[in-house]
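One structure is given below, encoded as structure tokens.
A note on names: the letters A, B, ... follow the listed sequences, proteins ahead of strands, and every chain is numbered from 1.
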Amino acid sequence: MSSASSQDEKLVRMANQIAQYFTSQPHDQAVAGVVEHLRSFWTPKMRRQIIDHAAGDGAGLEPLTLEAVQQLAVSSSG
Amino acid sequence: MSLIKEVDYGTKLASSDVKVTLTIDGERVAVPKGTSVMAAAMSMGTAIPKLCATDMLDAFGSCRLCLVEIEGRRGTPASCTTPAEEGMVVHTQNARLAKLRKSVMELYISDHPLDCLTCPANGDCELEDMAGVVGLRHVRYGQKGANHLHGAKDESNPYFTFDESKCIVCSRCVRACEEVQGTFALTIQSRGFESKVSSGGVDFLASECVSCGACVQACPTASLTEKSIIEMGQPEHSKVTTCAYCGVGCSFKAEMQGERVVRMVPYKDGKANEGHSCVKGRFAYGYATSKDRITKPMIRAAITDPWREVSWDDAFTYAASEFKRIQAKYGRESVGAITSSRCTNEEVFVMQKLVRAGFGNNNVDTCARVCHSPTGYGLKMTFGTSAGTQDFKSVEKSDVILLIGANPTDAHPVFASRMKKRLRQGAKLIVMDPRRIDLVKTPHVRAAYHLPVLPGSNVAMINALAHVIVTEGLVDEAFVRERCDFADFENWARFIASPDNSPEAVEAITGVKPDDVRAAARLFATGGDGAIYYGLGVTEHSQGSTMVMGMANLAMATGNLGREGVGINPLRGQNNVQGACDMGSFPHEFSGYRHVSDEATREMFEAFWGVKLDHEPGMRIPNMLDEAVAGGFKGIYVQGEDIAQSDPDTKHVVSGLEAMECVIVQDLFLNETAKYAHVFFPGASFLEKDGTFTNAERRINRVRKVMAPMAGLADWEVTLGFARALGVPMAYEHPSQIMDEIAKLTPTFRTVSYAKLDELGSVQWPCNEAAPTGTPIMHVDHFVRGKGRFMLTQFVPTQERAGPLFPLLLTTGRILTQYNVGAQTRRTQNNVWHEQDMLEIHPFDAENRGICEGDLVALTSRIGEVSLRATITDRMQPGVVYTTFHHPTSGANVVTTDNSDWATNCPEYKVTAVQVRRTNYFSSWQDHDRETGVSLRRIAREAVDAAE
Ligand code: SF4
Ligand code: SF4
Ligand code: SF4
Ligand code: FES
């Protein structure tokens, strides 16, 4: 059985990989790109998990990823 | 039902728009300029006797049977080699011609065994037909003199024989091997009376022959004959259907005796293959009647129990009660399904409908996840649609072909033959691949450049090619200005022109000499119409989607889109991988690639299906497995897909499956995944059902049933049965009705119907009011998304890197005679060519490790170890090893990791850091697998006894 933290680790790795693609774009566009990607392809549960992770210690999240996840959290709750 | 006999024009009808009119036997006929007199005659129904001519080949003019008289010309020219001309007056029959023809036939027959009654070609022999046509009644020359009547027989090939005594040395086989297949395995050895067909001094099996069968099809006598014909005799009826192996989607006539296939003959009218095939489609259909087929539904409470055979109804009821129980206990999201790229469009469509409308979630995914999902993503972002841009025929107009991460001579053989033909005509080839694939150097084809990129460096390389084009002023500005978003282009051009992307700067990453990169880029940009063809060597990387966008950028920058001869062409793996994606198999989109969050689309589906649908994306295969391990995903319905063998990180897949409470597997065989299943629905082969497959060029081809399903139901009927038991009624009586629903709900399929497919043979989507006969070439005047969009493609190295512990990079691929996980081909005689998966290793790496040819070696990555035999070859570069994954026992996916493409999670099969050492043992995983292979596959004895 893998623990919640190893699931989190996987999601962090995936989210960082997505963000890495967008790093070459202008900052705002990059953040929006990551948010849009997560919203289009991740299940609500995965999005919730990464949002919770970011709201906690956010361990492992690159700055761009963190910003995008935070923005995702705002738009999801709104 | 009758036997379909296609017209043989003797030579091809020319394709010119200019017509010439001539008179043949008193009748006027108009034909395209360049057509032979023979073909002109046939086009009005007059069959001129012939032996050495057949319309798959260029005219040769050797048998002299097709002589005609042409007014105003001396002698009796051969009609097969004489072009029809304006005003020509031709006579095909008169006393003089009859006499000449008789003497030609007399010579042939005097040196031919006269055992026609017992000859396998009896009923299908052109020599016999011609003897009848010319009225041969006696032969003046006896068979006593020197002759070939006791020539040798070569029975080495598992599928056909060569009987020299029946050979008339027409050289049709030799020409078929050269012109149609492009392998050059055969020659006519010696001259005059001594001349004979030779497969290079060795028997067929040991020769260069790739067993495509083109020569057998071309042979007018019994000299080259299918062993199945020798054994069974001639077929009595046939139906046109589509090969169920690769994404080329070749059309075949299934030639039958009752419900038994006698042989598969490629269909000349099939647009994907134009009468050609490879060894798999033509010969390797025996799996369909293999004794390993499971033909009874089975259930069991635990995977350690033996299987219990039950009725279909009991299986449906049990499976439905389990899925209902699971959803009641663990929630709506706790179940899902995987559709199959081997099943028909109609079957895939009802599967995803079952998930969305029946399970009430979007947890549906497909095996395309592990192969071409980045193609869908990358092409949609840049052009606006998830598909290749051309038809296969387009390659006939290409001047430069850039082939990336694909090995068509093995994986897409019939397309490779078409490509090689164009290359022999002078088109230039650039190969970008870590391995020296056959096309780099093969008879009469030599790549202009081979860019042997290190695995994992594709994006750096495509950026370097684009860098040269942008910085050396080779961009097609007119195209870019007119067709693409110019602001995006400027952004991209600035990015790509950065010195970081120059061939010199990336050499350390790609391992390729900068001069070669520059020369290849110049050739692609300036060599005329340039086309990109690519395979899984592009997609199965952590930057697979980025690479697809990189290629799209390159094509836009050089103006190579929107006409024949150019474009971006994914060579798709499985027969219906395009179709499975089109039909809405991905968790985030409906058929026709429309996102589930799109209100208008969803409302249309809701209105049609009468249920509320989920607007959020569902789980992908890896998410399902992760969630299963975590305890939240408990039931899966897997159709025609063997994730325990084909998906990466086998141990993780197995843990996921073991954690589920109800795994339903629908397949022909008790595959690896079925070891972990609780319900087994026996599947139907492509011969047992009606439907359609969509090939790599978006061509929708009909699949036609030629025998009853062995288990009583076709796959779509099984899904319907399960749906019924779940309380989700789907009332279709025939797959054509499913296609009608697809057409109603999918704009790109709007006017597709079985009636249209019967009428036109096939159509390429989009097929709708705007394009009633389909769309061979896409993005002609504008892109589907409007303006083409350049995307930034920064190189990001994979996390999978060679290091001290794992110093080599493993990459994986396929070979010609086996197909994917091998479930089908391993059950045919194709095994004579590939009994086991081998590890290819460079001599230098082998020597360092004391490895000799054929040694058992342990292949270890950070996640697993397997043992397999090594073969030493300099096709590999030092530092890179290669294997196939056709045999489950070698377990190549035990070592592949869960790294995947950033956008689509397509696994990074093409890069795994490994170590290789000699060993005397199979790995513990292999031992365990062998043991569970038996223990988890038991079928309860009583049931078997009762059935016997
Ligand atoms: S089977 Fe194909 S490759 Fe082999 S000799 Fe015949 S044409 Fe050539
Ligand atoms: S084997 Fe058949 S096709 Fe080949 S030369 Fe002999 S008769 Fe002609
Ligand atoms: S090329 Fe592909 S579709 Fe054609 S016969 Fe071979 S396997 Fe079948
Ligand atoms: S068919 Fe024309 S020469 Fe043989």
Residue part contacting chain A, namely of [X], when any heavy atom lies under 4.5 Å:
X	value
B:E627	both
B:F795	neither
B:N905	side chain

Shortest non-hydrogen contact from [X] to [Y]?
X	Y	value
B:F633	B:V335	CE1-C, 3.4 Å
B:D365	B:P587	OD1-CD, 3.7 Å
B:V355	B:A337	CG2-CB, 3.5 Å
B:A628	B:M660	CB-CE, 3.8 Å
B:T339	B:S585	OG1-OG, 2.8 Å
B:I326	B:G635	CD1-CA, 4.2 Å

If we only count heavy atoms from C-beta on, is the [X] to [Y] side-chain gap below 4.5 Å?
X	Y	value
B:H467	B:S502	yes
B:M551	B:N458	no
B:S900	B:C906	no

Verify side chain to side chain donor-acceptor pair (under 3.5 Å) between B:T382 and B:N553, making sure each step is shown before the conclusion. CA-CA 8 Å; B:T382 45; B:N553 291 339; over 6 Å; no
Return the option, out of A:T23, A:I18, A:L11, with the maximum number of heavy-atom pairs under 4.5 Å with chain B.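 Highest number of pairs under 4.5 Å: A:I18.
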Shorter than 4.5 Å, heavy atoms on both sides: which option in A:Q20, A:K45, A:H37 has the most such pairs with chain B?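 If we count pairs closer than 4.5 Å to chain B, A:H37 comes out on top.
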Which word best sums up how the rings of B:H588 and B:H595 line up, parallel for under 30°, tilted for 30 to 60°, or perpendicular for over 60°?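 Aromatic pair B:H588/B:H595 classed tilted.
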With respect to B:F790, which candidate in B:F486, B:F495, B:W492 satisfies the ring-ring contact (aromatic ring centres under 6.0 Å, His included) definition?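 Going through the options one by one, the only one that passes is B:W492.
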Against chain B, label A:R13 side chain, backbone, both or neither, depending on which of its atoms sit under 4.5 Å from a heavy atom there.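 Side chain only.
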Output the residues of residues 613-625 of chain B for which the shortest heavy-atom distance to chain A is under 4.5 Å, in residue-number order; output 'none' if no such residue exists.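 Contacts with chain A: B:E616, B:P617, B:G618, B:M619, B:R620, B:N623.
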Checking an interface table here. Which of residues 540-548 of chain B come within a heavy-atom distance under 4.5 Å of chain A?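 So the qualifying residues are B:S542, B:T546.
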Verify the distance criterion only: is there a donor paired with an acceptor across the side chains of B:D901 and B:T539 at less than 3.5 Å?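 On atom types as modelled, these side chains do not qualify, holding no pair under 3.5 Å.
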Most chain A-contacting option - heavy-atom pairs closer than 4.5 Å, from B:E589, B:Q794, B:E333, B:M791: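 Max contact count across the listed options: B:Q794.
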